[in-house]
Amino acid sequence: MTDVKRRGVMLVLSSPSGAGKTTISRRLLGADQDLKLSVSVTTRAPRSGEVDGVDYHFIDRTRFDRLVADGAMLEHAEVFGHCYGTPATGVEDRLAAGKDVLFDIDWQGTQQLMRTARADLATIFILPPSVRELERRLHIRAQDSDAVVRHRMEGAGRELDHWQEYDYIVINDDLDRAINEVRSILTAERLRRERQVGVAAYVGDLRRGG
Ligand code: 5GP
């Protein structure tokens, strides 16, 4: 019988900061060998506990601009006064090998990927249960100053308006349920006909009694 293989999924998670996207990502990645995080580059300073090369590649503005000029980024955007971008390295190889890549990026980056890689994308927008809860989560993160939290709360309203540009909406009022919902989306997306390679030959084998 002919093998049916699949092309990997580019799974995009976006949300206003504080909606729980990072927690959901970490839990998914920890439980799924086929899913790997795309580690972004950023000009933002590391928060305490963040590890260079794991959470982000922390680089300066000169290097960032050079990566953009060299065409080494799949997308890039300025968020809250800092530059963020997705390195292109390794993504295509993973997809071709049937492995998935998780992108924790904002709506601007998602729009760019929609223009260049729509067929590979599955996009999810995560909504917080309430604005009060969003603010509470930003405060317990406690690593950002009050001014930064205020700035991010102001930005949250504008980010929320982009929910209509996404394939799926998940409301994170219960973390375990939200994780299961994201996992279900990924499971279904992996099975999309368009991602399956070799089905025609497989069905041909079946028709010949294979
Ligand atoms: P934070 O500074 O809290 O880690 O991230 C701020 C925002 O930038 C989040 O919404 C996050 O998803 C987004 N972000 C992180 N990396 C990238 C990236 O590579 N590209 C884009 N467009 N946004 C990113």
Side-chain angles (χ1 to χ4, degrees), residues 10-29 36-61 63-68 70-91 94 101-118 120-128 134-163 165-166 168-170 172 178 182:
M10 293 172 75
L11 184 70
V12 171
L13 292 188
S14 295
S15 73
S17 17
K21 176 183 44 172
T22 308
T23 313
I24 292 173
S25 308
R26 297 289 176 263
R27 288 267 297 271
L28 280 176
L29 291 160
K36 221 179 108 196
L37 180 70
S38 158
V39 179
S40 296
V41 295
T42 183
T43 59
R44 157 168 91 58
R47 297 194 183 103
S48 72
E50 282 185 332
V51 178
D52 188 31
V54 175
D55 299 287
Y56 282 104
H57 299 287
F58 297 98
I59 61 173
D60 63 22
R61 184 62 196 258
R63 254 187 85 197
F64 187 92
D65 289 344
R66 197 175 317 129
L67 287 170
V68 174
D70 290 348
M73 236 104 79
L74 292 182
E75 61 75 33
H76 62 94
E78 191 176 316
V79 188
F80 300 115
H82 302 289
C83 299
Y84 296 82
T86 300
T89 319
V91 173
R94 267 193 80 76
V101 186
L102 176 67
F103 299 86
D104 173 340
I105 61 175
D106 83 330
W107 61 271
Q108 304 173 84
T110 308
Q111 282 189 356
Q112 292 172 47
L113 293 183
M114 293 279 254
R115 286 195 287 274
T116 55
R118 183 65 186 104
D120 289 319
L121 287 184
T123 65
I124 307 179
F125 198 75
I126 302 192
L127 287 171
L134 194 68
E135 191 163 9
R136 193 185 70 80
R137 289 181 193 169
L138 282 178
H139 275 293
I140 38 172
R141 186 151 81 186
Q143 303 198 4
D144 294 324
S145 68
D146 283 353
V148 168
V149 170
R150 239 187 346 267
H151 188 45
R152 289 194 169 223
M153 282 305 294
E154 283 159 19
R158 289 191 299 276
E159 288 179 64
L160 281 172
D161 289 342
H162 290 277
W163 64 272
E165 296 155 23
Y166 286 75
Y168 300 93
I169 303 297
V170 167
N172 182 19
V182 173

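When a residue number appears, it is its place in the shown sequence, counting from 1. Model, not experiment: these values are computed from the prediction. First listed ligand is number 1; within each ligand, the first listed atom is number 1.
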*List in chain and number order the residues that pass ring pair (Phe, Tyr, Trp, His ring centres under 6.0 Å) with Y168, two or more places apart in sequence or in another chain; answer none if no residue qualifies.*
none
*Main-chain N/O of H76 paired to Q112 side chain as donor or acceptor, under 3.5 Å*: yes
*Quick one: does Q108 get a heavy atom under 4.0 Å from ligand 1?*
no
*asked:* Is the contact between E75 and ligand 1 made by the side chain, the backbone, both, or neither, using heavy atoms and a 4.0 Å cut-off?
replied: side chain
*With only distance considered, is Y56 within less than 3.5 Å of ligand 1 through an N or O on each side?*
yes
*Kindly say whether A19 contributes a backbone atom to a donor-acceptor pair with the side chain of N172 at under 3.5 angstrom?*
yes
*Numbering as shown, the atoms of ligand 1 that approach A77 to under 4.0 Å (heavy-atom distance)*: 22 (N)
_Residue selection (non-hydrogen contact nearest atom 23 (N) of ligand 1) among D106, D104, T86_ = D106
*What's the spacing between F103 CZ and T110 OG1 if we round to 0.5 Å?*
10.0 Å
*What atoms of ligand 1 come closer than 4.0 angstrom to any heavy atom of G85?*
18 (C), 19 (O)
*Going by heavy-atom distance to atom 2 (O) of ligand 1, choose the closest among Y84, F103, W107.*
Y84
_Pair R26 + D55, salt bridge at N-O below 4.0 Å_ = yes
*Check ligand 1 against R44 and write out every atom of the ligand that is under 4.0 Å from a heavy-atom position of the residue.*
1 (P), 2 (O), 4 (O)
_Can you tell me if K21 contacts ligand 1 (heavy atom of the residue under 4.0 Å from the ligand)?_
yes
*Would you say D65's side chain and V68's backbone share a donor-acceptor pair under 3.5 angstrom?*
no
*Residues forming a ring pair (Phe, Tyr, Trp, His ring centres under 6.0 Å) with H162, sequence neighbours excluded*: W107
*Taking non-hydrogen atoms only, is H76 closer than 4.0 angstrom to ligand 1 via side chain, backbone, both or neither?*
neither
*Does R47 come within less than 4.0 angstrom of ligand 1, counting non-hydrogen atoms of the residue?*
yes
*asked:* Using a 4.0 Å cutoff against the non-hydrogen atoms of G109, which atoms of ligand 1 qualify?
replied: 22 (N)
